[in-house]
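Heads up: the structure comes next, in structure tokens.
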Amino acid sequence: MTWTQNFTPIIDNLVVSSIAALIPIIYFFWALTIKRMKGYIAGLTTLLVALAVAVFVYGMPAGKAVMSASQGAVYGLLPIGWIIITSVFLYKMTIKSGQFNIIRSSVLSLTEDRRLQALLVAFSFGAFLEGAAGFGAPVAISAALLVGLGFNPLYAAGICLIANTAPVAFGAVGIPIIAMEGPTGIAAMEISKMVGRQLPFLSAFIPLYLILIMTGWKRSLEVMPAILVSGLSFAITQYFSSNFLGPELPDILSALVSLFALAIFLKFWKPKTIFRFASEETAAAVEPLDDSVEVEKRYTKWQIFHAWSPFLLLTLFITIWGMNPIKPALSGHYEGDNMLLSGINEIGKLLTFQIEVPSLHNEIIGSNGLPIAAFFKIELLGAAGTAILLAAIVTKFIAHISTKVFFSTFAEAMKELAKPILMISSVVAFAYVTNASGMSTTLGMTLAKSGDLFPFFAPVLGWLGVFITGSDTSANLLFGSLQKVTALKVGMEPVLALAANSSGGVTGKMISPQSIAIACAAVGLAGRESELLRFTIKHSLFLLLLVCIITFLQNGVLSWMIP
């Protein structure tokens, strides 16, 4: 029995209906920032509010609303929950084996300065993981690394969320950009070019912004050479790769160039003073960096390489998992004649499940008048979390970890992450209910009514989409067609509107309930999601404003930048 979405359920008025659509979002912010509920309680109650609005305001049949929530909950478990479990598991194994002490020392051999550590780990290494995997792995791994180096857990999570702004649009080997080509008919390469003429401005600014947040203007000036090397090398590489190579490699290439450029630069340049946090024992002292030689003597290059091997393996497996044609083979969708890949494809088919969601699949008529497909999609082999698990298994033998410790560590990670995973599943379920009921489209249609000011507000759609769904890819699929149609109506270049959706979306990632839950879970702060949201929200709004201004100018005086 089909049901047709109604985007103006209250007196056929778009504005009034959009106010109703905002109720679950407003409730979630209230629950976390004012009421300060634990994350999983806020997530579950927000889901209940969304279900109530969907059924009693939007007229969605209760059975369909519940099934859409179950579809989202499954996606919250796999791939998202699986990634966070395996990421934390791998990190814990490096702790148990003692390898992380060597990792910590190897970073200190480059610099003991907390500012520069944030640039190396949160910005550059986190961007690499975003480009290779996405789906929460970058924040989970980089935040855990910073905590291991001595950062305050809450601060480490916040810094990594903000640093993750620059690479999100090209994350997971360019999937957010590639995904927009289908529903909009605009070539992914053209969208990539336009995003590559917006985000580099933000990418060059983020390293400075991170250090300003950490230390203020005066202390930022002390490391300005390093900030410029980190940000400009990333931004320049991001521009050229996105405009001449396509959407698949900008993050990976930009991150590697930035990481190696800064590491090499620090071999020849050191800050005059060392910045440490006030909570550290030596915070009041300002000392020259003079003990790096001692660290180098303590551990050989082989020992350092061996200690880093779990994360090198992580990088290798995740990169392989994202490559074509390996990626489709792992999911059982390979159509070539390579014998090895065909064999992997058969295994991928056995471990990939796509089940129609009862009472939901093709039973909701969307805005285009067509039925919406709905599947429980479970990829056991093709999931990025499986790649991380394989890295953990290899690490067991490299680090000589006993089988008992291996399994007890995994059980420990599962126990610690039970409530964070519950929150993640509930907020993804909330996102699916919001989309299936038509609430998201109502909000998008309201913003699209801004007329001549639409170029300024176009990024807000992406920001809203990523907040709701937790994914730039999902936000692009959700609002891509709406962006294109509205742009044509107001005389805006469609490719600019699509790029604005993706670029605006990256600024919403740091406040997405999924991202908040993942970051807190990774650093052992389950239940303190409200504190992290209060830390990131002002930065999210400020960076969104910058993207809005850039898009507005590119629609006018800077229109020559449009490809």
Side-chain angles (χ1 to χ4, degrees), residues 114-128 130-131 138-139 142 158-171 194-243 250-251 253-255 257-259 261-262 265 275 456 458-460 462-463 466 472 499-500 502-511 515 535-554 557-558 561:
R114 298 305 191 194
R115 298 165 294 188
L116 302 180
Q117 290 172 358
L119 293 181
L120 286 165
V121 177
F123 182 70
S124 297
F125 185 61
F128 179 84
E130 179 67 43
V139 171
S142 54
I159 289 295
C160 289
L161 283 170
I162 295 168
N164 197 43
T165 300
V168 165
F170 296 104
M194 191 64 243
V195 174
R197 300 176 192 198
Q198 290 185 322
L199 273 190
F201 295 108
L202 214 58
S203 300
F205 175 65
I206 289 294
L208 172 61
Y209 191 59
L210 281 178
I211 307 306
L212 283 172
I213 293 170
M214 290 176 64
T215 68
W217 180 249
K218 184 178 179 181
R219 287 294 184 91
S220 298
L221 287 177
E222 294 175 356
V223 290
M224 189 59 72
I227 290 172
L228 292 174
V229 169
S230 178
L232 291 179
S233 62
F234 189 100
I236 292 169
T237 307
Q238 189 179 54
Y239 165 74
F240 279 104
S241 55
S242 62
N243 274 263
D251 278 355
L253 292 177
S254 301
V257 169
S258 177
L259 186 63
L262 183 55
F265 181 70
F275 172 77
F456 181 85
V460 179
W463 178 84
V466 172
D472 203 39
S502 195
S503 298
V506 306
T507 66
K509 187 82 169 179
M510 69 184 76
I511 61 166
S515 299
F535 178 80
T536 58
I537 189 167
K538 55 183 177 292
H539 304 301
S540 175
L541 293 171
F542 172 68
L543 293 172
L544 172 64
L545 176 62
L546 295 184
V547 178
C548 290
I549 292 171
I550 291 170
T551 304
F552 187 75
L553 292 175
Q554 287 179 329
V557 295
L558 299 179
M561 296 181 68

Report the C-alpha distance between Ile206 and Leu543 in whole Å, list the side-chain angles of each, state the deciding distance to 0.1 Å, and finish with yes or no for side-chain contact (heavy atoms from CB on, under 4.5 Å). CA-CA 9 Å; Ile206 289 294; Leu543 293 172; 3.9 Å; yes
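- Not a single side-chain hydrogen bond (donor to acceptor under 3.5 Å, both in side chains) links Tyr239 to another residue, sequence neighbours left out.
- Among all heavy-atom pairs drawn from Ser220 and Ile227, the shortest one is O-CD1, 3.7 Å.
- Residues Asn164 and Gly126 share a closest heavy-atom pair of OD1-O, 4.4 Å.
- Lys538 NZ: more than 12 foreign heavy atoms inside a 6.0 Å radius.
- In this structure the side chain of Leu202 reaches within 4.5 angstrom of the side chain of Leu199, judged on heavy atoms.
- Here the straight-line distance linking atom CZ of Arg219 with atom CZ of Arg114 works out to 13.5 Å at 0.5 Å rounding.
- Of the inter-residue distances, the one linking Met510 atom CE with Thr165 atom OG1 reads 3.0 Å to the nearest 0.5 angstrom.
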Is there a side-chain contact (heavy atoms from CB on, under 4.5 Å) between Leu228 and Phe265 once you walk through the steps? CA-CA 11 Å; Leu228 292 174; Phe265 181 70; over 6 Å; no
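- The one candidate from Phe205, Phe234, Phe128 that meets the ring pair (Phe, Tyr, Trp, His ring centres under 6.0 Å) condition with Phe123 is Phe234.
- Here the straight-line distance linking atom OG of Ser241 with atom CD1 of Ile236 works out to 11.5 Å at 0.5 Å rounding.
- Here the side chain of Thr215 pairs no donor or acceptor atom with the backbone of Leu212 at under 3.5 angstrom.
- At a threshold of 4.5 Å between non-hydrogen side-chain atoms, the residues Ser254 and Pro167 do not count as touching.
- Not a single donor-acceptor pair under 3.5 Å links the side chain of Ser230 to the backbone N or O of Pro207.
- Atom OG of residue Ser258 and atom CG of residue Leu120 lie 8.0 Å apart, to the nearest 0.5 angstrom.
- Residue Trp217 comes nearest to Leu208 through the heavy atom pair CZ3-CD1, 4.3 Å, listed as atom of the first residue, atom of the second, then distance.
- Listed by chain and residue number, Arg115, Thr273 satisfy the side-chain hydrogen bond (donor to acceptor under 3.5 Å, both in side chains) test with Glu222 (two or more places apart in sequence, or in another chain).
- Remark: side-chain polar atoms of Gln554 are not paired, donor with acceptor, to backbone N or O of Met194 under 3.5 angstrom.
- Remark: side-chain polar atoms of Ser515 are not paired, donor with acceptor, to backbone N or O of Ile511 under 3.5 angstrom.
- Here the side chain of Ser242 pairs a donor or acceptor atom with the backbone of Gln238 at under 3.5 angstrom.
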Walk me through whether Val557 and Phe552 qualify under side-chain contact (heavy atoms from CB on, under 4.5 Å). CA-CA 9 Å; Val557 295; Phe552 187 75; over 6 Å; no
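- The environment of CZ in Phe240 is sparse: at most 12 heavy-atom neighbours from other residues, nucleotides or ligands sit within 6.0 Å.
- Residues forming a side-chain hydrogen bond (donor to acceptor under 3.5 Å, both in side chains) with Thr507 (at least two apart in sequence, or on another chain): none.
- No side-chain heavy atom of Val466 sits under 4.5 Å from any side-chain heavy atom of Val168.
- For the pair Ile549 and Phe456, the minimum side-chain heavy-atom distance is below 4.5 Å.
- Remark: Phe275 CZ to Gln117 CD distance equals 11.0 Å, nearest 0.5 Å.
- Arg197 pairs by the salt bridge (Lys or Arg N to Asp or Glu O under 4.0 Å) definition with nothing, not counting sequence neighbours.
- With sequence neighbours left out, the side-chain hydrogen bond (donor to acceptor under 3.5 Å, both in side chains) criterion links Thr551 to Gln198.
- Here the CZ-CG distance, from Phe201 to Leu553, works out to 10.0 Å after rounding to the nearest 0.5 Å.
- Shortest non-hydrogen contact noted between Leu232 and Ala204 is CD2-CB, 4.2 Å.
- Proximity of a side-chain donor or acceptor of Ser502 to a complementary backbone N or O of Ala499 within less than 3.5 Å is not detected.
- Shown here are the ring pair (Phe, Tyr, Trp, His ring centres under 6.0 Å) partners of Phe542, two or more places apart in sequence or in another chain: Tyr209.
- In plain terms, the two heavy atoms of Asp472 and Gly505 that are nearest each other are OD1-CA, 3.5 Å.
- Considering all non-hydrogen atoms of both residues, Gly171 and Asp251 come closest at N-OD2, 3.3 Å.
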